[in-house]
Amino acid sequence: MTSIDFTKGSITKNLLLFFFPLLLTNTLQQAYTFADTVIIGRGLGDDALAAVGNFGTFSFFVTGFSMGIMNGFSVNFSHAFGSGNMPALRKAFGNAVILAVIVTALLTAAGSALLYPVMRMMRTSDAIMRDSLVYGYIIFGGLFATVFYNLCSALLRAVGDSRTPFTAICISSLVNIVLDLLFVYVLKTGVSGPAFATVFSQLVSGLICVYRLAKNKTVSLRGLSRDDLSLNGASAKSLLKNGIPMACMNSVTSVGCIFVQGCINGFGAAYTSAYSVCSKYLNLFMLPGITAGFTSAAFTGQNCGAGNLIRIRKGTKISCLIAAVSALLLGAALFAFPEQLARLMLSGDEAVACTVMFLKRFAFFLVLLNLLFVFRNTVQALGKPLVPMCSGIAEMLLRIPAIMFGLPLIGFKAAAYAECAAWAGALAINAFFYLMTVSDKAEQ
């Protein structure tokens, strides 16, 4: 396993060496969802697609919480690695494993118990309710696989390894797509098949990451002692200090999305299908921004542990440049081919028209979203986890009134404007506190 030490060497070279494998990893991971969408939409119809997309909004509330915690843990990992303290790194990871088991059990129980009430609260139509529940119960039942992979991936990113997740996702993506086709077209399982395929694929990717971590001589996870795997109050508190705010940020943001989904569901199946597809493309086209954010977080975390503020400033600027260039290139593609992208997954004219409108507006504001990922992750890696959480609350407060008052007035356009307003507000908060934090550290 090849790790990158961000505390030395060329900043641009190291960032790009980390960025591109991680971008491919995130793109292939998104292929899980994208493959599900295309196969379900074409193989099972628009109602099944709407059911899966409808569940996806609530799913992020639960899975996003777990992902946020694991991403928060990575701050502790990167600080320890950057300072060269390998015993502290192993201790942090051992305690993170215990906390991950507890979090998984709680979230699985909570997600399964709340699924039906939330679907009703979101005004899910009877036509898609059953499929939403079937898909949801399977995904929540397999949440352990998602947490397993995300924890291992967080450690790998923290120590500068973006190649192992790429290998894992290459293999698991292929497994996912093959199983999707088998379940939908051969075994005729309905939406349950793609759900099982997603869970199994995540498990495969997690096992590959563990195998490579066990062979890593730098991290030396084989050297985990019984003490490392015993819950330590100070270590657990430090991990949760970074993990809980990030988890809350994801879940608070998803509350706004659930509200948006509920409002959109009230306007019919065409709006629901369109919003589901728009969400898929949003998740796909923002991947370079997410990757730039993760890259900046790993870079900043290691250099924060090493106490190197000058490299942090330079690295953040380069990460912002990567995010902006990516947004301009992909935004141009979105604006040029919105109808072709919409018809790839939809057949109804009204749903296609709504999707085309959304994608054109998304193309112009993608740069705001990409920069938001960079500043949010950088501030988190600097040890300021409450700032991203507050920005998540701001997103919710901006998104909800925009959709509530906008839908009756301007129709589906309100969905696009609600997202853009939320991104702009959150970006302003994180950029401001980044500048304040680096100024304070410079004075110290």
Report summary line: Residues at least two apart in sequence or cross-chain that pass side-chain hydrogen bond (donor to acceptor under 3.5 Å, both in side chains) with Thr146, listed by chain then number, are none
Requested in this report: Please list, chain by chain and in numerical order, all residues satisfying side-chain hydrogen bond (donor to acceptor under 3.5 Å, both in side chains) with Ser153, sequence neighbours excluded.
Outcome: Arg157
Query - Sequence neighbours excluded - salt bridge (Lys or Arg N to Asp or Glu O under 4.0 Å) pairs with any residue from residues 109-121 - result: Arg120-Asp126
**Report entry** Interatomic spacing from CD1 in Ile102 to CD1 in Ile98 - rounded to 0.5 Å
**Finding:** 7.5 Å
Report task. Mind checking ring pair (Phe, Tyr, Trp, His ring centres under 6.0 Å) for Phe19 and listing every partner two or more places apart, or none if nothing turns up? Result -> none
Requested in this report: Using modelled atom types only, decide if a donor and an acceptor are shared between the side chain of Ser391 and the backbone of Ala426 within a distance under 3.5 Å.
Outcome: no
Query raised in the report: Checking side-chain hydrogen bond (donor to acceptor under 3.5 Å, both in side chains) for the pair Asp161/Thr164: CA distance, chi angles, key distance, verdict?
Result: CA-CA 7 Å; Asp161 178 20; Thr164 296; 2.7 Å; yes
Query raised in the report: Have Asn176 and Ser173 got a donor and an acceptor in their side chains that come within less than 3.5 Å?
Result: no
Query raised in the report: Among all residues two or more places apart in sequence or in another chain, which pass the ring pair (Phe, Tyr, Trp, His ring centres under 6.0 Å) test with Phe405?
Result: none
Query raised in the report: Just by distance, with hydrogens left out, do Ser319 and Thr295 show a side-chain donor and acceptor under 3.5 Å apart?
Result: no
Query raised in the report: Is there a side-chain contact between Tyr135 and Thr198 (heavy atoms, below 4.5 Å)?
Result: yes
Query raised in the report: With Asn242, which residues qualify under side-chain hydrogen bond (donor to acceptor under 3.5 Å, both in side chains), at least two apart?
Result: Asn76
Query raised in the report: Relative to the ring of Phe358, is the ring of Phe412 parallel (under 30°), tilted (30 to 60°) or perpendicular (over 60°)?
Result: tilted
Report task. Check the pair Asn26 / Ile290 against side-chain contact (heavy atoms from CB on, under 4.5 Å), numbers first and verdict last. Result -> CA-CA 8 Å; Asn26 288 337; Ile290 292 176; 4.3 Å; yes
Report summary line: The reported gap from CE in Met286 to CG in Asn370 (rounded to nearest 0.5 angstrom) is 9.5 Å
Report summary line: For Ser132 and Ala51 the tightest heavy-atom approach is OG-O, 2.9 Å
Requested in this report: Find the distance between CG (Asn14) and CZ (Arg311) and round it off to the nearest 0.5 Å.
Outcome: 7.0 Å
Requested in this report: Check Ala168 against Ser205 and note the closest heavy-atom contact, atom names and distance.
Outcome: CB-O, 3.6 Å
**Report entry** Summary of salt bridge (Lys or Arg N to Asp or Glu O under 4.0 Å) pairs that have at least one residue in residues 408-422, sequence neighbours excluded
**Finding:** Arg399-Glu419
**Report entry** salt bridge (Lys or Arg N to Asp or Glu O under 4.0 Å): pairs with one or both residues in residues 323-347, sequence neighbours excluded
**Finding:** Glu339-Arg343, Arg343-Asp349
Report task. Report the residues that fulfil side-chain contact (heavy atoms from CB on, under 4.5 Å) with Lys317, sequence neighbours left out, ordered by chain and then residue number. Result -> none
Report task. Please check if the side chain of Arg361 supplies one atom and the backbone of Met357 the other of a donor-acceptor pair under 3.5 Å. Result -> yes
**Report entry** Listed partners of Phe140 passing ring pair (Phe, Tyr, Trp, His ring centres under 6.0 Å), at least two apart
**Finding:** Phe55, Phe58
**Report entry** All side-chain hydrogen bond (donor to acceptor under 3.5 Å, both in side chains) counterparts of Ser276, not counting sequence neighbours
**Finding:** none
**Report entry** Phe337 atom CZ: more than 12 heavy-atom contacts under 6.0 Å
**Finding:** no
Query raised in the report: Is there a donor-acceptor pair closer than 3.5 Å between any side-chain N or O of Thr300 and the backbone N or O of Ala381?
Result: no
Query raised in the report: Counting only heavy atoms not in Arg42, do more than 12 fall under 6.0 Å of its CZ?
Result: yes
Query raised in the report: Who passes ring pair (Phe, Tyr, Trp, His ring centres under 6.0 Å) against Tyr434, sequence neighbours left out?
Result: Phe375
Requested in this report: Could you go through the ring pair (Phe, Tyr, Trp, His ring centres under 6.0 Å) check for Phe362 and Tyr281 one step at a time?
Outcome: CA-CA 10 Å; Phe362 173 44; Tyr281 280 122; 9.3 Å; no
Query raised in the report: Are the aromatic rings of Phe6 and Phe18 close, with centres under 6.0 Å apart?
Result: yes
Query - Stepwise side-chain contact (heavy atoms from CB on, under 4.5 Å) check, Ile138 with Phe196 - result: CA-CA 7 Å; Ile138 294 171; Phe196 279 118; 3.6 Å; yes
